Every structure is written in C-alpha cells, then in structure tokens.
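Before any comments, here is the structure.
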Amino acid sequence: MPSGEVAPVSTSKGAGLGGIPHKFFYQDEKDDYAVLQFGSPAAVGSGLATYVQEASAAAIKERGAFTLVLSGGSLFKALSPLIGLPGLDLSKWHVFFVDERNVPHSSPDSNFKGADEVLLSKVAIPREQIYAIREHLPVNEAATEYAGQLLRLDEQVLPRNAEGLPVFDVILLGLGPDGHVASLFPNRSQLAATDAWVLPIENSPKPPPERITFSLPVINSAKQIGIVAAGEGKAEIVQRVLEVQSLPGALPAQLVRPTAGSVTWFLDVASAQNLAIHKWESTKDFPRSS
Ligand SMILES: O=C(O)[C@H](O)[C@@H](O)[C@H](O)[C@H](O)COP(=O)(O)O
C-alpha cells in the first residue's frame, strides 16, 4: 500500500443486491467507520430507510422524540422508501436541514421545497416539527435565526452534550464531487469555525451563492451520521475521501469524525467501484469479520 493511503481493515460479504449489503470497515487513529455497499441505488434507499427507522425507534423509546437532519441534492429521493414504512411514530419526529440555500421556500433551489415535494408532504410529521430556514433575511441573520430555532428546543427533543452542543440522532449528508458535505466546501474558513452552531456562506462555489450550514462541531456531535453517495459520478471522490489522506480541509468529508457517535457510508456498486477493498478482498490474508 503506498504511503498516504488508508486500507480497509475488515469486511463482511453480503449479497449486495437487494437486502444485505456488502459491509466493510475502515479505521484511522481515532475511530472506525463502516461502509455499506449496496447492489443498486434503490437498495441504498431501502438500507437508508432501515437505518433511519432503527434510529427513530431507539430515540423514541429512550426520550420520546427523534431528530433527523437532512442535506440537499439527491438525498430526498433516496429516502423515499421511508414513505409508508409501517411502525414509524412520525408524530415524534423533528426534521432539520444541515444546510439550506438562502432563497424563498418556493424557489426550485430551496432544499426545504425539494424535501417537501418528494418526502415531507407525504409523511405525517407535524408541520411545526419541520424546521425550515426563515425566508427573506440577509444570510447572516438567517443563520442566527436558524440557530435560534435550535436553541429554543428543550433537551427532551434536542439534548446537549458536555460541551453544550446539540446532539442530533441522525444527520444525513450527501457528498459533493469536491468532497464537500453540507455547505462546508474545501479550504473555506467555515471548516475551522467553532463559535457558532449555524454559519452563513456568501459565496458558495456551488450555486446558489448564499447558504447556511451547520458547523463541523455540531455535525460531529451527532449520534449517527450517514454519508450517502450513489452512482458512478461519485466513484472518484468516494475513493479519495475514504482511502487517500489529504491535507486537513482539502476534503471536508474527511473532517466528519463524530466525537461520540458513528459514521456509516451508504454506497452502491458504481460509487464503490474504485475502492481498494475490491483488490484486497481477493488476497487470502485479508481479515474478515464473517
Ligand atoms: O444543498 C446542497 O447543495 C447540499 O446539501 C450538498 O451538500 C449536497 O448534499 C451534495 O452536493 C450532494 O448532492 P447530490 O447528492 O445531489 O450529488
């Protein structure tokens, strides 16, 4: 293995197609992270729905509430298997946006609008428990106002950790071709911000330019973080994020390292195709967990 690269440490071979994913684990000096490779984008969606369903059941049993944080892009469609899933106590769900574009809710650029059309309008989550950005504010004020919405929630809904940071049950992140997650872009000052829960962005490299985003300390305080990347177009960046060590900040997805929670990657065969695992698994001394 050339230096500067990270190798997977174990694997458990699933069927890939349909239900059981092919599962493998990477490890760095700080933690483990699990990578699930599904047979198709549709199977990624079903796996994701099961992940959310299980987290929801555990959180509602523990404290009577479940917090789910969404990012934008293709994620809403991927989550559509949640619609009609039996046994979800949706009245206890609270839904947030890890990043949002500073546009009216009616704009085609609005993550809220995208989520509402594809998912939120089709499930029985109380509307007052869906936390959208306030419209028509300068972006600095929109970020402060969104942080205010979070701060006003009591700890039974949104617990805090020892550092006073909010602990969301599940944060789901997409992955940009440049390695961005949420609206945290490579080599931008927001990556180092530790003084605010929600940050404004005025010149995003991905349009539209004005956005708000959770800060990394807030993302990394979550109980569970799912990173979702399906399709051939994600193959190169998935391999770089998982297996190539880069300068801190060059690939924001590499800075997703929960302080007390877990990270699970949701890939399909196409997005996982460049991973070294496929070469390593065929060697007889590769460690297997099952
Ligand atoms: O609002 C946004 O622009 C996003 O939250 C962004 O971080 C997105 O999740 C990724 O760019 C992946 O998007 P795709 O899944 O559509 O590729």
Side-chain angles (χ1 to χ4, degrees), residues 36 38 40-42 44-45 47-49 52 68-81 95-120 130-133 135 139 142-143 146 168 170-188 190-191 198-216 218-220 222 225-242 249-256 263-268 270-272:
L36 307 180
F38 294 85
S40 65
V44 171
L48 207 50
V52 172
L68 175 65
V69 186
L70 304 175
S71 57
S74 56
L75 179 74
F76 314 132
K77 204 159 162 247
L79 277 173
S80 54
V95 175
F96 306 84
F97 293 86
V98 72
D99 69 332
E100 177 57 289
R101 295 89 180 269
N102 192 31
V103 295
H105 295 167
S106 57
S107 162
D109 282 331
S110 162
N111 281 341
F112 168 76
K113 180 183 164 75
D116 200 34
E117 280 178 0
V118 177
L119 183 68
L120 300 176
I130 297 172
Y131 303 85
I133 188 176
E135 304 168 280
V139 70
Y146 201 68
F168 290 96
V170 173
I171 297 185
L172 297 178
L173 301 170
L175 177 68
D178 54 357
H180 80 258
V181 288
S183 282
L184 296 165
F185 293 93
N187 300 313
R188 290 292 180 101
Q190 286 87 8
L191 291 172
V198 183
L199 306 167
I201 290 163
E202 288 172 341
N203 54 353
S204 160
K206 177 181 176 181
E210 287 197 358
R211 292 155 170 258
I212 66 166
T213 183
F214 281 13
S215 62
L216 267 174
V218 168
I219 292 174
N220 282 334
I225 301 174
I227 304 184
V228 188
E232 195 169 2
K234 297 286 162 80
E236 188 196 335
I237 190 63
V238 163
Q239 194 272 335
R240 283 173 57 212
V241 171
L242 283 172
L251 297 174
Q254 292 183 328
L255 301 176
V256 177
V263 180
T264 306
W265 284 74
F266 291 83
L267 306 179
D268 66 350
S271 62

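Whatever order the structure lists them in is the order used to number ligands and atoms, beginning at 1. The model shown is predicted, which means the values in this text are computed figures rather than measured ones.
The atoms of ligand 1 that sit less than 4.0 Å from any heavy atom of R211 are 1 (O), 2 (C), 3 (O). Shown in contact with G174 at under 4.0 Å from a heavy atom are these atoms of ligand 1, numbered in order with element: 9 (O). Atoms of ligand 1 found under 4.0 Å from any heavy atom of L175, numbered from 1 in the order shown, are 12 (C).
For atom 8 (C) of ligand 1, the closest non-hydrogen atom on the protein side is K206 NZ, 3.8 Å. The shortest contact between atom 6 (C) of ligand 1 and any protein heavy atom is with H180 NE2, 3.5 Å. Distance from atom 15 (O) of ligand 1 to its nearest protein heavy atom, with residue and atom name: S74 OG, 2.5 Å.
The backbone N or O of A229 lies less than 3.5 Å from a partner atom in the side chain of S271, making a donor-acceptor pair. Put simply, the side chain of R101 never gets that close to the backbone of P208: no donor and acceptor are under 3.5 Å apart. A donor-acceptor pair is defined here as one N or O able to donate and one able to accept, closer than 3.5 Å; such a pair exists between the side chain of N111 and the backbone of D99.
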Trace of the side-chain contact (heavy atoms from CB on, under 4.5 Å) decision for V139 with I212: CA-CA 7 Å; V139 70; I212 66 166; 4.1 Å; yes
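If you take CG on N102 and CD1 on I133, they are separated by 4.5 Å, rounding to the nearest 0.5 Å. For the atom pair E100 CD and H105 NE2, the distance stands at 6.5 Å (nearest 0.5 Å).
Among all heavy-atom pairs drawn from A253 and V181, the shortest one is CB-CG1, 3.8 Å.
Contact of the R211 side chain with the F185 side chain is registered, since non-hydrogen atoms from C-beta on lie closer than 4.5 Å.
Considering backbone and side-chain N/O atoms, A182 comes within less than 3.5 Å of an N/O atom of ligand 1. In terms of N/O distances under 3.5 Å, ligand 1 is approached by K234. The shortest N/O to N/O separation between G72 and ligand 1 falls below 3.5 Å.
In this structure, of N111, D178, D99, the residue bringing a heavy atom nearest to atom 4 (C) of ligand 1 is D99.
Using a 4.0 Å cut-off between heavy atoms, L173 makes no contact with ligand 1 at all. Residue contacts with ligand 1 for R101 involve side-chain atoms from C-beta outward but no N, CA, C or O (heavy atoms, distance under 4.0 Å).
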